[in-house]
There are 2 protein chains.
Amino acid sequence: MKTVSTSKSHGGIQGVYSHASEACACDMTFAVFVPPQAKDGPVPVLWYLSGLTCTHANVMDKGEYRRLAAELGLMIVCPDTSPRGEGIPDEKDNWQFGSGAGFYVDATQAPFAKNYRMYSYVIEELPALIAANFPADMSRQSITGHSMGGHGALTIALKNPERFKSCSAFAPIAQPSTAGWSKPALEKYLGTDEAAWRAYDTTLLIEDGKRFPEFLADQGTSDGFLQEGLRPWLLEDACKKAGIGLTLRMQDGYDHSYNFISTFMDDHLRWHAARLG
Amino acid sequence: MKTVSTSKSHGGIQGVYSHASEACACDMTFAVFVPPQAKDGPVPVLWYLSGLTCTHANVMDKGEYRRLAAELGLMIVCPDTSPRGEGIPDEKDNWQFGSGAGFYVDATQAPFAKNYRMYSYVIEELPALIAANFPADMSRQSITGHSMGGHGALTIALKNPERFKSCSAFAPIAQPSTAGWSKPALEKYLGTDEAAWRAYDTTLLIEDGKRFPEFLADQGTSDGFLQEGLRPWLLEDACKKAGIGLTLRMQDGYDHSYNFISTFMDDHLRWHAARLG
């Protein structure tokens, strides 16, 4: 692991690190905020998964999580959204596939299966690296994310309920297997047999019996992706049928940007802190 | 005035606007955050002047001012740091002069005098535009800034004490006329007669009798520009001799980045809000 940069912020340290990833077969970069409480012992970890086109840096720059994370004593870990670099298969002009669009799946189709293994990266390799190198209490983890990263957080929590104390999402993609901006990606990463997509679709995972105690989700009413891409009512239906507690808050006049995310970041941090104990 | 973008944030509106500037003889872009209290009538205005290489966008993205500005009812106005665009004289490879480095002066030397008039822009033209187009209470204005923009805030407050209720700065350039990264710019903008530079140097303005009731300044001890470029002890000496109240806080371990600025942004907003009434 290589330290790219560290900078004191709100009494803690905002760092950027890189490492040679086995899961993705390339160098990967990620951001970690270590709160001041880490001086006194391991602190709980909140994972933040970013949306399409983002790197680790977008939420680090615009997410406004450090002030309250420093107060609550939360470590914030922000992975990249895909493998990157020369030699990584990509579609340069397509922001919904390839670089910046890993969708938190383990690809099975050539030529993507070698690198696009963001599920394994986020759930296995990076947690091991964090546990080994940071003052993290890995028995206390929670997860959140935005848009594609909201989809990532919900699906990962549903498949690993024993790992995470809580899960929330900002404007998550509720049903990627039927949305225009995600369906072509699932087909290219996972093949044409739609049965394989179910493991990466929140509503279908719930239909297939996966459970998580409760979710918090915020969604802006002026979000340009609301009707076609995000469709929170599908999440609402799935949770209702399954008896999963969902706090879905429609936020009047908010869009899909970090102005929306940063506005409600405090609420999400407090939600997770309360459940991390 | 043209609206480039607006986005709801923390209950207010973060907007970006552009207009044909007379002072700078080019199109200029600026950012304004209008807090929710503006629905009920004009709100006080805090000016934020940015540092070298920045545009209006850096503090808008990374300054973390909206949450508390929305609570305190402050409008935040963030101008660009120089004229920009084709046909504007510039030194492309020099980050300490030209684009992004207007130093808040009115240039008198060819070919810069036509466009590099950031003092007039910030103190006359943009305030008139704000007064005409936003719910601003122009009888209640304060000013702050970072680095080159801290220099801008201090010099502008000293020359216009009747205009501003309060002034603060993050890591300001205390004496630009003798610092390596600013002296060459002053020479090119204002000519070789150093007497002309005194009007744009905080310590020399104070020496020449300009006064402001009190300043708040924060300075990181791990700031790479501290010893050569910023030199807060010169500000301290000048204020002491003149009997100007200076609250200078040396912040242990902080650097020159927005991680430093955003950490202490709340303190500055509260300082100004208390004095804006």
Side-chain angles (χ1 to χ4, degrees), chain A residues 4-16 31-36 39 54-55 57-71 76 170-171 218-224 226 249-270, chain B residues 4-16 31-36 39 54-55 57-71 76 170-171 218-224 226 249-270:
Chain A
V4 177
S5 66
T6 59
S7 179
K8 190 169 176 182
S9 181
H10 293 281
I13 298 293
Q14 179 64 63
V16 178
V32 178
F33 176 70
V34 177
K39 282 172 209 140
C54 290
T55 68
N58 301 65
V59 68
M60 183 178 79
D61 289 347
K62 304 182 189 178
E64 303 191 11
Y65 56 76
R66 281 176 291 268
R67 177 188 49 81
L68 190 57
E71 187 184 317
I76 313 288
F170 300 86
D218 277 308
Q219 173 62 58
T221 63
S222 298
D223 185 325
L226 175 57
R249 309 189 305 181
M250 297 303 292
Q251 302 289 3
D252 185 52
Y254 285 88
D255 61 26
H256 200 64
S257 75
Y258 273 93
N259 285 319
F260 156 68
I261 298 168
S262 61
T263 298
F264 301 104
M265 182 60 82
D266 277 15
D267 292 350
H268 286 245
L269 295 186
R270 290 192 195 282
Chain B
V4 176
S5 67
T6 59
S7 179
K8 191 168 176 181
S9 181
H10 292 280
I13 298 292
Q14 178 64 63
V16 178
V32 179
F33 177 69
V34 177
K39 282 172 207 137
C54 290
T55 67
N58 302 66
V59 68
M60 184 177 79
D61 289 347
K62 304 182 190 178
E64 303 191 11
Y65 56 75
R66 281 176 289 269
R67 178 188 49 80
L68 191 57
E71 187 184 317
I76 312 289
F170 301 87
D218 277 307
Q219 173 62 58
T221 62
S222 298
D223 185 326
L226 175 57
R249 309 190 305 182
M250 298 304 289
Q251 302 289 4
D252 184 52
Y254 285 89
D255 61 25
H256 199 62
S257 76
Y258 272 93
N259 285 319
F260 156 67
I261 299 169
S262 61
T263 297
F264 301 104
M265 182 60 80
D266 277 15
D267 292 351
H268 286 244
L269 295 186
R270 291 191 194 283

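- Asp255(B) touches chain A through its side chain: at least one heavy atom from C-beta onward sits under 4.5 Å away, while N, CA, C and O do not.
- Around atom NZ of Lys62(A), no more than 12 heavy atoms belonging to other residues, nucleotides or ligands sit under 6.0 Å away.
- When atom types are taken as modelled, the side chain of Tyr254(A) and the backbone of Gly11(B) share a donor-acceptor pair closer than 3.5 angstrom.
- In this structure, chain A has a heavy atom under 4.5 Å from the side chain of Ser257(B), while its backbone stays farther away.
- The distance from the CZ atom of Phe264(B) to the NE2 atom of His10(A) is 8.5 Å, given to the nearest 0.5 Å.
- With values rounded to the nearest 0.5 angstrom, Glu64(A) atom CD is found 10.0 Å from Met265(B) atom CE.
- Here the CZ-CG distance, from Arg66(A) to Asn259(B), works out to 5.0 Å after rounding to the nearest 0.5 Å.
- Interatomic distance, Tyr258(A) OH to Ser9(B) OG, rounded to the nearest 0.5 Å: 13.5 Å.
- Heavy atoms closer than 4.5 Å to chain B are found in both the backbone and the side chain of Asp252(A).
- In this structure the side chain of Arg67(A) reaches within 4.5 angstrom of the side chain of Arg67(B), judged on heavy atoms.
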